[in-house]
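See structure below.
What you see below is based on every heavy atom in this structure, not just the backbone, and it leaves out hydrogens, waters and symmetry mates. We count residues from 1, following the sequence as given. All figures in this text were calculated on a predicted structure; none of them were measured in a lab.
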Amino acid sequence: MIRVLVADDSGVAREVVNDGIKVHRNKRYIEIDNVDNGRAALDILKKKQIDIAFIDINMPGLKGPDVVAAMRETKSTDCLAVVISSNMDERAEAMLKHFGAYHFLQKPFRTEDVADIVATYMVMTTSYPILIVDDSATMRKLTRKILENSRFDFEIAEADSAQAALRALSTGKFKIVLTDFHMPGVDGIELAGSIRDLSSKIGIYMMSTNETTYLERSAAFVGISGFLKKPFTPQDIDTIMHEYLDINAPKFGKVRDMFSFLARDKKAS
């Protein structure tokens, strides 16, 4: 079940959002709460776990950014917050980004725009088998924690060497690999080449603490999907997953190139 909150003092806007949500009712059971003010929205967020909240920025009683800010203290701390308005000033944008809002829909929007966001949520909450490859148990534990704090849902497994990783990958189960570069015996670049021999569809992301320019170019050459320089965050994982799954980037998401040398090349040109 998906629980959705629609909070807007405009009946027309609520109707458009509801029509977009209902596009997916043949796929998942969806429960919708509609309110016309910020205080009522916050009351619902406190009473039940809401999965997606469409919140108008300008509402009577309590403004949308204030509702999003207060969401951390409710049952809906992991809610996908989508703010809606005809415009958004810099102060509201900064506040919404700080408190973890996901996306912005500018009025007037279409039912298709809302339907796309609900579809994105369903993709994000699908479980993706992912393999962490690192010879350090401490780093595997840390990486697991970062994945668990991502907006995406993962089925996480670990391997302590390239050989163990290839045995796990031979089952055909895993869709994504996060591999360290520095490992005894076979390093991450060599492992990536072997993975590409198995499949062109597996997402391969390399992790390293070192200066990465040379490594990144070598990684790109062998077909690695992207590079994560340690330390990285759950927001970095969200970004690479949007890229891997070809999902439109959200307004408040972290912006990053899959390889840092691409950003430097853009600046140089």
Side-chain angles (χ1 to χ4, degrees), residues 1-9 13-14 16-18 20-25 27-59 61-85 88 92-107 109 113-128 145-154 233-239 241-242 245 247-254:
M1 180 172 70
I2 303 174
R3 297 181 179 89
V4 184
L5 170 64
V6 183
D8 198 307
D9 57 324
R14 292 198 304 273
V16 174
V17 175
N18 276 261
I21 295 167
K22 290 172 183 175
V23 167
H24 297 285
R25 275 194 157 161
K27 303 170 187 172
R28 299 274 289 274
Y29 176 74
I30 303 177
E31 178 183 286
I32 307 174
D33 284 288
N34 286 278
V35 297
D36 62 3
N37 66 86
R39 186 62 61 187
L42 186 56
D43 287 343
I44 288 175
L45 291 162
K46 288 178 178 178
K47 289 175 183 176
K48 63 171 76 173
Q49 181 180 327
I50 296 295
D51 300 306
I52 313 172
F54 293 89
I55 302 173
D56 186 27
I57 286 180
N58 297 299
M59 289 185 292
L62 198 63
K63 302 296 184 185
D66 296 314
V67 175
V68 174
M71 201 177 288
R72 290 183 174 183
E73 306 302 322
T74 72
K75 290 186 177 181
S76 305
T77 53
D78 295 325
C79 176
L80 203 71
V82 180
V83 293
I84 52 182
S85 183
M88 177 172 56
E93 181 175 348
M95 182 176 178
L96 289 161
K97 186 170 185 176
H98 175 75
F99 284 105
Y102 176 73
H103 197 39
F104 171 64
L105 278 181
Q106 185 170 18
K107 296 180 179 179
F109 48 83
D113 298 322
V114 176
D116 285 347
I117 289 172
V118 178
T120 294
Y121 174 80
M122 291 192 288
V123 170
M124 292 169 80
T125 52
T126 298
S127 185
Y128 296 96
K145 185 175 181 180
I146 292 169
L147 290 170
E148 289 171 347
N149 283 293
S150 164
R151 287 191 182 274
F152 289 80
D153 187 29
F154 297 104
T233 68
Q235 289 73 36
D236 290 305
I237 297 297
D238 292 346
T239 301
M241 287 302 294
H242 277 82
L245 296 168
I247 304 171
N248 289 333
K251 172 68 176 177
F252 302 110
K254 186 171 183 178

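The salt bridge (Lys or Arg N to Asp or Glu O under 4.0 Å) check on K107 picks up D8, D56, with sequence neighbours excluded. Under the side-chain contact (heavy atoms from CB on, under 4.5 Å) criterion, K47 pairs with no residue at all, not counting sequence neighbours. In this structure K251 satisfies the side-chain contact (heavy atoms from CB on, under 4.5 Å) test together with M88, E93, H103, F104, sequence neighbours excluded. Under the side-chain hydrogen bond (donor to acceptor under 3.5 Å, both in side chains) criterion, D113 pairs with R110, sequence neighbours left out.
For the side chain to side chain contact (heavy atoms under 4.5 Å, CB included) with I32, the qualifying choice from I52, L5, V6, I2 is V6, the only one to do so.
The OH atom of Y102 lies 12.0 Å from the OH atom of Y121; values are rounded to the nearest 0.5 Å. For the atom pair CZ (R3) and CD (Q49), the distance works out to 6.5 Å, reported to the nearest 0.5 Å. Separation of atoms CZ (F252) and NZ (K97) is listed at 9.0 Å; rounding is to 0.5 Å. Considering CE of M59 and CG of D36, their distance stands at 9.0 Å, rounded to 0.5 Å. Separation of atoms CZ (F54) and CG (N18) is listed at 9.5 Å; rounding is to 0.5 Å.
Residues V123 and Y128 form a side-chain contact, since some pair of their non-hydrogen atoms from C-beta on lies under 4.5 Å apart. Side-chain contact between I237 and F152: absent, with no pair of heavy atoms (C-beta onward) separated by less than 4.5 Å. Residues L96 and I57 are in side-chain contact: their nearest non-hydrogen atoms beyond the backbone lie under 4.5 Å apart.
Looking at S76, its side chain does come within 3.5 Å of a backbone N or O of K48 through a donor-acceptor pair. D238 contributes a side-chain N or O that, together with a main-chain N or O of R151, makes up a donor-acceptor pair within less than 3.5 Å. Formation of a donor-acceptor pair under 3.5 Å by the T126 side chain with backbone atoms of M122 is found in this model.
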Show me the donor-acceptor pairs within less than 3.5 Å that the side chains of residues 39-46 make with the rest of the protein, sequence neighbours left out.
none

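Applying the salt bridge (Lys or Arg N to Asp or Glu O under 4.0 Å) test to every pair with at least one member in residues 70-82, sequence neighbours left out, gives no pairs at all.
Between F154 and L147, the shortest heavy-atom contact is CD1-O, 3.7 Å. The two residues R14 and V35 make their nearest non-hydrogen contact at CD-O, 3.5 Å. For the residue pair I50 and D33, the shortest heavy atom distance occurs at CD1-OD2, 4.4 Å.
For CG of N248, the number of neighbouring non-hydrogen atoms (other residues, nucleotides, ligands) closer than 6.0 Å is 12 at most.
No side-chain N or O of D236 forms a donor-acceptor pair with one of T239 less than 3.5 Å apart.
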For side chain to side chain contact (heavy atoms under 4.5 Å, CB included), just list the numbers for V118 and R28, CA-CA rounded to whole Å, side-chain angles, deciding distance to a tenth of an Å, and then say yes or no. CA-CA 10 Å; V118 178; R28 299 274 289 274; over 6 Å; no
Derivation and outcome, side chain to side chain contact (heavy atoms under 4.5 Å, CB included), residues D66 and M95: CA-CA 9 Å; D66 296 314; M95 182 176 178; 3.5 Å; yes
Hey, mind stepping through L105 and I117 against side chain to side chain contact (heavy atoms under 4.5 Å, CB included) and telling me if it holds? CA-CA 10 Å; L105 278 181; I117 289 172; 3.7 Å; yes
